[in-house]
Amino acid sequence: MPYNIENIFICLAAPFLLAALGTNTGNRKNYIFIVLGFVCCIISAYLNTFFSVLYGAQETSAVLEISPVIEETVKLIPLLFGLIVFELQPQEGDNIIFNIAVGFATFENICYLLEHGTGNLFYLLVRGFSTGAMHITCAFIIGYGLRVFRRPGALKASGIFALLCVAITFHAMFNMLMKTNGLIKQFGYAVPIVSCLILFLLKYCFRKITDSK
């Protein structure tokens with residue numbers, strides 16, 4: 001992440017926050033959660049740096065072992081806060097985690113552009129879709145998985161932890177593939193995109209079956 005991520009945050013967050021003031025309640029929540037995704041990305045960057053220094057981790061170790069745990073946990077915290085404090089329904093939880101994931105991926109991609117430049121448009125296009133799909137897939141895992149683990153409380157707690165572990169594993173797998181070269185790396189780009197498309201298809205089919213009953 002570039003050293004001036006706070007300035008990037010201000011420039012990105014300002015239009016969303018202004019839009020939130022001038023729209024209806026439903027859209028206002030979406031804008032705020034996207035901005036919250038920006039915040040989660042910044043916090044994750046600080047924590048990644050802190051724990052990498054603390055454990056003396058090299059870049060590869062940090063990307064594979066530290067970043068996935070921190071990023072998925074930080075993205076989950078606002079959702080848990082809403083579920084526990086405001087007793088949100090699972091459908092509302094979906095909205096929170098998806099918008100946070102979109103905000104997180106957007107902020108991360110912009111920071112990547114500023115660090116590495118915009119010379120290779122095709123590579124940036126593939127990476128942008130792939131990284132975004134990875135974060136959306138992780139949001140799918142947690143958001144829709146929560147509908148399964150509603151009650152009792154103990155099952156819900158263990159279920160949320162299990163879903164977090166699955167999201168972390170998927171994230172770490174993507175990072176690992178990105179550290180390779182050649183055909184394996186190209187396969188890595190395709191994994192989250194295909195996974196995301198499959199999940200969207202399953203969601204559509206499930207909704208169609210539910211509506212027909």
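Computed from heavy atoms alone, side chains included, the values below leave out hydrogens, waters and symmetry copies.
The CD1 atom of Ile168 sits 4.0 Å away from atom CG of Leu164, with the distance rounded to the nearest 0.5 Å. Expressed to the nearest 0.5 Å, how far CG of Leu12 lies from CD1 of Ile34 amounts to 11.0 Å. A distance of 10.5 Å separates CG in Leu199 from CD1 in Ile136, rounded to the nearest 0.5 Å. Interatomic distance, CG of Leu201 versus SG of Cys196, reported as 11.5 Å (0.5 Å rounding).
Between the side chain of Ser61 and the main chain of Ala57, no donor-acceptor pair closer than 3.5 Å is present. Checking side-chain atoms of Ser44 against main-chain N and O of Cys40 turns up a donor-acceptor pair under 3.5 Å. In this structure, Asn175 contributes its side chain and Val63 its backbone to a donor-acceptor pair below 3.5 Å. Of the possible polar contacts, one joining the Asn99 side chain to the Asn95 backbone as a donor-acceptor pair under 3.5 Å is found. Looking at Thr73, its side chain does come within 3.5 Å of a backbone N or O of Val69 through a donor-acceptor pair.
Classified by interplanar angle (parallel below 30°, tilted 30° to 60°, perpendicular above 60°), the ring pair Tyr112/Tyr123 is tilted. In this pair, Phe107 and Phe38 present their aromatic rings tilted. The plane angle is within the 30 to 60° band.
Across all non-hydrogen atoms, the minimal contact from Gly132 to Ala105 is CA-CB, 4.0 Å. Closest of all the heavy-atom pairs between Ala167 and Ile142 is CB-CD1, 4.1 Å. Shown here for Thr23 and Arg28, the closest heavy-atom pair between the two residues is O-NH2, 2.7 Å. Of all heavy-atom pairs between Leu36 and Pro78, the closest is CD2-CB, 3.6 Å. Smallest separation of non-hydrogen atoms from Thr137 and Pro192: OG1-O, 3.6 Å. Nearest approach of Gly143 to Ile97, heavy atoms of both residues: CA-CG2, 3.9 Å.
Side-chain contact between Ser195 and Val191 is present, with heavy atoms from C-beta onward closer than 4.5 Å. Here the side chains of Ile100 and Leu79 are not in contact, with every heavy-atom distance at 4.5 Å or above. Between Leu76 and Ile160 there is a side-chain heavy-atom pair separated by less than 4.5 Å. Here the side chains of Phe50 and Tyr55 are not in contact, with every heavy-atom distance at 4.5 Å or above. Side-chain contact check for Ile193 versus Met134: every heavy-atom pair is 4.5 Å or farther apart.
Dense packing is recorded around CZ of Phe9, with more than 12 heavy atoms of other residues, nucleotides or ligands lying under 6.0 Å away. Within 6.0 Å of the CG atom in Leu197, the count of heavy atoms belonging to other residues, nucleotides or ligands exceeds 12.
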Between His171 and Met176, does the side chain to side chain contact (heavy atoms under 4.5 Å, CB included) criterion hold? Intermediate values first, please. CA-CA 9 Å; His171 192 148; Met176 179 181 66; over 6 Å; no
Side chain to side chain contact (heavy atoms under 4.5 Å, CB included) for Met178 and Tyr189? Distances and angles first, verdict last. CA-CA 8 Å; Met178 292 301 98; Tyr189 283 126; 3.4 Å; yes
Please lay out, stage by stage, how Lys185 and Leu177 fare under the test side chain to side chain contact (heavy atoms under 4.5 Å, CB included). CA-CA 5 Å; Lys185 188 170 186 176; Leu177 292 172; over 6 Å; no
I would like to know whether Tyr31 and Leu17 meet side chain to side chain contact (heavy atoms under 4.5 Å, CB included); could you show each step before the answer? CA-CA 7 Å; Tyr31 291 133; Leu17 295 177; over 6 Å; no
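Side-chain contact of Glu71 with His135: a donor-acceptor pair under 3.5 Å is absent, judged by distance alone.
Criterion: ILVMFWY side-chain heavy atoms under 4.5 Å apart, direct or through other members. Under it, Ile32 and Ile96 are not part of a common hydrophobic cluster.
When each of Phe104, Phe200, Phe140 is paired with Phe98, the ring-ring contact (aromatic ring centres under 6.0 Å, His included) condition holds for Phe140 and for no other.
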